[in-house]
Amino acid sequence: MNLVVMKFGGTSVEDPAAIHRTAAIVAGRVAMGKSPVVVVSALAKVTDQLLRAAAAASQGDRMGALAISSRLRSRHRDTAAGLLKDTAGCAELGKLIDEKFDGLDEILRGLSAIRELTPRISDLIVSHGERISSRIVAAAFKERGVDAAHADAREIIITDSEFQKAAPQSDIIEKRAAEKLLPLLRDGKVPVMGGFIASNEAGLTTTLGRGGSDYTGALVGGALNAETIEIWTDVDGIMTADPRACPDALRVKVISFEEAAELAYFGAKVLHPATILPAVKKNIPVQVLNSRNPSNEGTRIISLAPHCRSPFKSIAVKKKLSIIDVVASRMLMTHGYLSEIFAIFDKHKCPVDMVSTSEVSVSLTVDSNASLPAISADLGKLADVKYEGKKALVCMVGEDIRGQNGIAAQVFNAIRHINVRMISQGASEINMSFMIEEDDADEAVRSLHAAFFKDPDPEVFDVEARKPLSVISGQ
Ligand code: ADP
Ligand code: ASP
Ligand code: MG
């Protein structure tokens with residue numbers, strides 16, 4: 001069986017036209033003799049709206065929460081009606097959508113009475129996005145001649161009970177994927193399941209964290225030893241920078257697992273940071289592709305990328321960070337001091353992105369989050385503490401920076417007009433990161449891009465796509 005996992009993000013299923021394109025892409029793979037397993041996100045922006053409904057309900061705004069839910073119900077019903085001409089199938093799907101939204105409304109009413117939004121309830125609420133999108137997509141596929149069968153992701157992706165960022169249990173997932181998906185595949189069916197959602201062993205709904213549908217795709221691919229994991233999104237692949245911040249970003253044709261993981265971790269939203277793990281474990285290539293431009297070859301993520309003439313492959317930016325300065329009169333290097341500091345971050349389950357120390361101070365960067373005041377209060381028992389938000393981490397990634405002299409000078413020369421707060425080059429030696437004000441981030445990326453991608457290696461970057469631009473500007 002030439003098994004391929006195809007994950008489609010929110011924009012690839014956002015409306016009937018997008019779902020049409022997605023169905024055609026999957027039908028194309030079937031025609032090539034492949035056996036796809038399809039993983040879909042919620043329709044674009046639905047997860048954000050469900051979270052908004054949950055927040056409104058938890059503040060006692062029952063009407064506000066139900067109004068959001070009602071708009072979502074109409075959107076899903078209209079999408080289904082735009083896809084299914086067959087009246088019986090459409091009525092059945094409409095009924096199913098109503099049942100799911102009736103259930104959601106009940107939860108929102110209960111929440112507005114209790115006014116306590118726990119991570120567990122939040123997961124239950126947001127799970128509706130993928131639970132419903134996967135049903136609509138499966139029905140739409142059938143209508144278009146793709147023999148789809150819906151599979152409930154919560155019966156396959158089993159996690160621990162860390163709601164909102166649950167950790168998958170790969171042994172059980174492997175077993176469940178074989179039990180639930182292989183029989184469908186053997187029957188020639190195309191399983192369609194929601195990404196992002198999962199359940200713990202007790203059957204309670206969990207999620208894999210924002211953007212987690214990529215992770216679901218990779219987990220299923222790993223569990224079934226797929227030949228490829230395809231991540232279908234709204235850009236041509238992994239680009240040399242976020243095209244929203246840097247319009248002349250180029251497509252990276254091929255990149256290593258290590259580089260892609262680093263980029264994803266440091267904010268390139270195109271991939272969920274954990275996506276690479278299951279693929280690396282089984283050495284399954286990952287392909288990032290554009291559902292709006294399916295003939296483009298996208299980006300191939302493989303274990304060993306070819307040598308590249310340019311030191312960097314891409315620039316990632318992580319925004320909404322805070323910097324915490326811990327200043328002690330007591331000597332920093334005192335045995336156990338750093339471990340005391342880290343124990344506090346551990347206690348608050350707060351991951352630290354970057355650390356830098358001097359004789360009397362430690363600076364750390366973390367995601368700006370609600371526990372910062374509590375973390376700061378705990379750190380305050382050890383030393384003087386101050387924290388500042390609105391920071392961004394810029395991360396330049398490329399395997400070919402290893403052993404090259406003068407790279408740091410070139411990087412900081414390119415952004416000499418920008419104030420740099422912290423610098424780090426990890427032991428992995430494939431990234432160079434620094435922290436700046438969030439407001440400077442887009443400008444920094446454009447300056448770095450101009451400096452490092454003016455003569456891109458055609459073996460690694462899609463330089464062809466750049467040609468029309470230079471023709472237009474007459475260069
Ligand atoms: P999906 O809904 O398909 O999962 P996402 O919005 O999560 O899509 O990710 C795709 C987006 O990631 C792109 O629209 C782009 O703006 C952003 N992005 C950030 N960094 C990069 C990068 N280096 N290459 C490509 N896209 C990037
Ligand atoms: N729908 C979820 C989110 O928006 C998961 C995903 O799209 O990957 O975060
Ligand atoms: Mg995504």
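Order of listing sets the numbers, starting from 1, for every ligand and every atom in it. Scope of the values below: all heavy atoms of this structure, side chains included, with no hydrogens, waters or symmetry mates.
- The closest approach between S314 and ligand 1 falls below 4.0 Å for a heavy atom of the residue.
- The protein heavy atom nearest to atom 17 (C) of ligand 1 is D242 OD1, 3.7 Å.
- In this structure, the protein non-hydrogen atom closest to atom 12 (O) of ligand 1 is V270 N, 3.4 Å.
- Ligand 1 is approached by K7 to a heavy-atom distance shorter than 4.0 Å.
- For atom 23 (N) of ligand 1, the nearest protein heavy atom (residue, atom name, distance) is M239 O, 3.1 Å.
- For the side-chain contact (heavy atoms from CB on, under 4.5 Å) test with M6, the passing option among I25, T228, T22, V37 is I25; the others fail.
- Side-chain contact between V252 and V460 is present, with at least one heavy-atom pair separated by less than 4.5 Å.
- Considering backbone and side-chain N/O of A268, none are found under 3.5 Å from N/O of ligand 1.
- The nearest heavy-atom contact from the protein to atom 11 (C) of ligand 1 is D234 OD1, 4.0 Å.
- Checking only distances, E130 does come within under 3.5 Å of ligand 2, N or O to N or O.
- The shortest side-chain heavy-atom distance between F141 and V38 falls under the 4.5 Å cut-off.
- A cation-pi arrangement, defined by a distance under 6.0 Å to the six-membered ring centre and an angle within 45 degrees of its axis, is absent between K7 and Y215.
- Of the N or O atoms in G211, one or more lie within a sub-3.5 Å distance of an N or O in ligand 2.
- Closest heavy-atom approach to atom 7 (O) of ligand 1 among the candidates H272, R251, K269: K269.
- Looking at N419 and I436, their side chains never come closer than 4.5 Å, going by heavy atoms from C-beta outward.
- A salt bridge links R292 and E14; the closest N-O separation between the charged side-chain nitrogens and carboxylate oxygens is under 4.0 Å.
- Salt bridge annotation for R21-D234: absent, with no cationic side-chain nitrogen under 4.0 angstrom from a carboxylate oxygen.
- Taking every non-hydrogen atom of R244 and a distance limit under 4.0 Å, the qualifying atoms of ligand 1 come out as 13 (C), 14 (O), 16 (O).
- Of the N or O atoms in R210, one or more lie within a sub-3.5 Å distance of an N or O in ligand 2.
- In this structure, D102 does not pair ionically with K95, as no charged nitrogen and carboxylate oxygen lie closer than 4.0 Å.
- Among protein heavy atoms, atom 6 (C) of ligand 2 sits closest to S213 OG, 3.3 Å.
- A salt bridge is defined here as a Lys NZ or Arg NE, NH1 or NH2 lying under 4.0 Å from an Asp or Glu carboxylate O, and R309 with E459 fails to meet this definition.
- Among protein heavy atoms, the minimum distance from atom 3 (O) of ligand 1 is reached at T233 OG1, 2.7 Å.
- Every atom of ligand 2 with a heavy atom of T47 under 4.0 Å away is listed here by number and element: 1 (N), 2 (C), 3 (C), 4 (O).
- Look at G9 and you'll find every heavy atom at least 4.0 Å from all atoms of ligand 2.
- Looking only at protein heavy atoms, the nearest one to atom 2 (O) of ligand 1 is G10 N, 3.3 Å.
- For ligand 2, the atoms lying closer than 4.0 Å to a non-hydrogen atom of S41 are 6 (C), 7 (O), 8 (O).
- The structure places OG of S295 at 5.0 Å from CG of N293, a figure rounded to the nearest 0.5 Å.
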Inset, instruction - Check step by step if side-chain contact (heavy atoms from CB on, under 4.5 Å) holds for F101 and H128. - result: CA-CA 8 Å; F101 276 102; H128 284 75; 5.9 Å; no

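- For atom 25 (C) of ligand 1, the closest heavy atom belonging to the protein is G237 O, 3.3 Å.
- For S322 and S368, the side-chain atoms include at least one donor-acceptor pair closer than 3.5 Å.
- Close approach to I238 involves these atoms of ligand 1, each under 4.0 Å from a residue heavy atom: 24 (N).
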